[in-house]
Amino acid sequence: MKSSRASLSSILQPVFSLRRPAFCSAAPPKPQTPLHLRPPAFRAALSDLQRWQAWAKTQASSVGSTFSALDGGPDSSLLLRELNWLVEDAVEHPALLSTENKVTAEVAIRAQLEEMYELWRQRIEERRPFQYVVGCEHWRDLILSVEEGVLIPRPETETIVDLVDHAVKADEELREGLWADLGTGSGALGIAVARILGGGGRVLAVDLSPVAAAVARYNVERYCLEARVSVRVGSWFDPLKDVEGELNGVVSNPPYIPSKNIHSLQAEVSRHEPILALDGGADGMDDLIHLCHGAASMLKPRGFFAFETNGEIQSKLVLDYIQNEMEGSFCRLEIVSDFAGIQRFVTGYKA
Amino acid sequence: MEGVASALRCNSTPPICIPKSLNTTISRAEIRFSGPPRLSLSSHCIRYGSSQISPFHFSKISSRNKGDKILLAPPEAGVSTETSEWAMQDFYTLRKDVETVLERVEEIRASAGLKQLEKNLADLEEASGDSSLWNDRAKAQQTLQALTDLKEKIKLLNDFKAQAEEAETIVNLTEEMDSVDPGFLEEAVGIIKELRNALDLFELTQLLSGPYDKEGAVISITAGAGGTDAQDWADMLLRMYVRWGEKQRFKTKVVEKSMGEEAGIKSATIEVEGRYAYGYISGEKGTHRIVRQSPFNSKGLRQTSFSGVEVMPLLPEDSLNVEIPEEDLEFSFSRAGGKGGQNVNKVESAVRITHIPTGVTVRCTEERSQLANKIKGMSRLKAKLLVIAEEQRASEIKQIKGDTVKAEWGQQIRNYVFHPYKLVKDVRTGHETSDVASVMDGELEPFIKAYLKYKYSVKIEEQQS
């Protein structure tokens with residue numbers, strides 16, 4: 001794994017540099033360019049690429065339901081869909097691949113053919129998450145760069161953006177001013193919230209991991225939001241001391257999985273995603289509790305918060321904690337379900 | 001030979017004098033020369049798609065060789081009898097064809113109401129010149145679009161006439177001269193052939209008057225119950241429609257495909273972009289039934305499988321002027337059971353949207369994010385509801401009767417028998433062919449044509465009663 005990553009990043013580094021603002025700290029990590037943004041600098045014979053595709057299909061098909069039986073991982077049909085997307089991202093004109101005439105045409109691709117084999121091998125054999133393979137995740141209307149060391153944004157979290165949208169529509173005063181996204185990872189929530197707020201809002205996106213912060217900055221730049229989203233490195237509210245009591249809103253998808261559960265998650269998650277972004281301590285509540293206290297001191301009166309939880313019981317525990325241990329701090333508390341009907345989010349307003 | 005020679009002499013007299021005995025040779029020559037008038041939707045649609053190109057822009061069939069004149073003279077003159085006989089038969093055929101086509105062009109121009117169209121054009125031109133036109137932007141665009149469409153149509157009708165007259169001129173000139181220039185004649189034959197195709201197409205397009213007929217289409221195929229056999233059948237239908245789209249030179253894209261466990265597909269969605277794609281293919285919606293020896297059964301037992309096809313117009317987002325109350329919608333997102341959130345990383349983001357009052361559902365799985373699927377799914381749902389409303393002549397979505405939707409959209413429309421004999425037969429029109437292979441290769445025009453005519457006649461009947 002180590003060596004393949006090294007060789008991969010050496011390929012991923014070239015030519016392109018859409019970046020980057022000056023960093024205060026020395027030698028920040030360099031985010032990788034997602035596959036679909038790399039130049040189509042390589043050529044392969046159509047037949048060779050078709051051979052690769054056929055091989056990759058066989059690999060995907062041979063998985064059957066093994067992964068899903070083992071740890072709830074993807075089955076063949078999901079892998080085949082991923083394969084289509086990999087082709088979409090890697091090949092300049094993907095439609096060429098499905099042409100039936102076997103002319104000796106050449107295709108422009110964004111990675112060398114050998115790397116294409118390596119990428120799919122990693123996907124199947126190492127269970128490397130598809131989003132790391134292509135270096136991006138489609139999330140809401142965004143395409144976010146992701147890489148090892150950064151949590152891949154989940155579709156559930158898309159709902160938090162809708163919750164913010166409702167909140168600012170109900171109280172337009174919330175729209176103008178400061179918001180914070182804590183544990184921003186790829187910057188997903190920070191960027192989406194900034195887009196919801198519009199020109200008058202600003203988002204401070206915080207992450208402890210320098211890798212995540214660098215990726216978040218890269219994504220912020222790709223969406224030209226440098227003026228509205230600032231990425232700060234640090235633990236939770238620590239880098240926000242200067243704005244205490246001034247925040248209009250706080251959102252977060254903190255680590256919430258109980259430590260003991262981590263190892264039994266599907267291999268894509270447990271083996272490849274940053275434990276820092278997943279492990280919420282013994283009962284998964286450590287960071288959520290910390291966030292509740294932080295929000296109480298950082299939010300303005302009538303400021304809004306929305307936190308993602310591990311769902312169901314954990315949502316209730318967070319709600320109970322706020323109601324009992326932090327009595328009077330918040331009002332209009334609510335538990336909101338995700339699209340699968342799992343009670344996923346806790347929201348409320350500073351009293 | 002005598003007959004031919006005498007017929008030749010009466011060239012200058014009205015065509016009625018062509019001896020009856022010649023008619024058989026005429027039809028033979030016709031087959032040899034121009035082939036049966038065969039509707040080619042493809043060449044047609046391209047032209048319609050880029051209407052700047054005249055439908056009559058074709059290349060000369062053969063180079064004209066001036067030294068290659070065949071004298072229209074009796075065999076005594078020393079010209080090979082066979083050659084001159086063919087040339088003369090061709091000429092008669094041609095003359096007859098030109099007459100028929102001229103008549104047909106006049107009929108079409110009359111039935112299309114050319115005079116009225118010209119009057120409408122004048123009215124529209126006046127309206128579009130009005131300074132208040134742009135007060136209502138949407139209406140202005142509508143007016144201008146109508147103006148363009150009308151101009152195109154009138155131009156087409158005039159082009160038909162010009163082309164027919166050009167062929168007539170060639171015939172007349174040939175008659176006046178004492179000799180036949182084969183290149184010249186072949187040019188006329190070419191004109192007639194193209195013109196016939198164009199007229200066929202025009203007539204067909206006249207049948208397409210539905211509000212969405214001009215749009216692109218979304219075809220979705222779902223395997224029926226019955227496991228691998230049905231899933232393989234769905235896959236065959238997918239290929240058939242993709243081939244059809246490609247043959248029409250439509251931009252055809254399989255946007256979603258869900259593989260079957262062993263073979264074939266559970267479902268697939270094709271997007272077809274091109275003028276009139278929806279009009280042509282909309283009649284394919286319904287249940288398609290196959291009878292064959294199962295390739296998945298070692299005994300090769302006879303097997304019947306079904307697949308469902310749904311067709312919706314591919315409507316641009318801004319034209320979907322439909323508001324559906326949130327409470328009428330039910331979204332279901334596929335997500336692995338269990339805890340979700342950080343616990344799971346799967347790129348499944350399928351959305352299924354149900355319009356509760358009518359029970360109409362759509363799914364969208366091809367986009368890579370939940371929200372993108374939801375947006376695309378919503379526009380599909382709206383398109384589907386609009387089409388259903390139109391079919392049921394409901395002025396509002398609210399008036400749609402859900403129970404009839406299910407029955408109508410699921411109706412069995414065509415049988416494909418591979419065994420014990422070969423036959424594809426449309427249940428509605430009765431159109432059939434034993435050339436199963438061609439049909440599966442996307443040769444759907446005869447079926448489409450038959451259906452459009454059938455639909456048109458049903459409509460006329462309904463209007464009369």
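Both backbone and side-chain heavy atoms feed into the values below; hydrogens, waters and symmetry mates do not. Protein chains get the first letters and strands the later ones, always in sequence-line order, with residue 1 at the start of each.
With a threshold of 4.5 angstrom between heavy atoms, A/Ile342 approaches chain B through side-chain atoms but not through N, CA, C or O. Neither the backbone nor the side chain of A/Pro94 comes within less than 4.5 Å of any heavy atom in chain B. Contact annotation for A/Asn261: only side-chain heavy atoms (C-beta onward) come within less than 4.5 Å of a heavy atom of chain B. Interface remark: A/Arg344 contributes side-chain atoms only to the contact with chain B (heavy atom separation under 4.5 Å).
Residues meeting the side-chain hydrogen bond (donor to acceptor under 3.5 Å, both in side chains) test with B/Gln303, sequence neighbours left out: none. Looking at residues two or more places apart in sequence or on another chain, you find a salt bridge (charged side-chain N to carboxylate O under 4.0 Å, His left out) between B/Glu284 and B/Arg414. By the side-chain contact (heavy atoms from CB on, under 4.5 Å) test, B/Ala437 pairs with B/Asp435, sequence neighbours left out.
At a threshold of 4.0 Å, the pair B/Arg368-A/Glu82 does not count as salt-bridged, since none of the basic side-chain nitrogens sits closer than that to a carboxylate oxygen. For the pair A/Glu268 and A/Arg123, the salt-bridge criterion is met [side-chain N within less than 4.0 Å of a carboxylate O].
A donor-acceptor pair is defined here as one N or O able to donate and one able to accept, closer than 3.5 Å; no such pair exists between the side chain of A/Glu92 and the backbone of A/Arg110.
When A/Glu88, A/Glu137, A/Glu308, A/Gln131 are compared by the number of non-hydrogen pairs under 4.5 Å with chain B, A/Gln131 comes out ahead.
For residues 354-367 of chain B, heavy-atom neighbours of chain A at less than 4.5 Å comprise B/Thr365, B/Glu366, B/Glu367, sorted by residue number.
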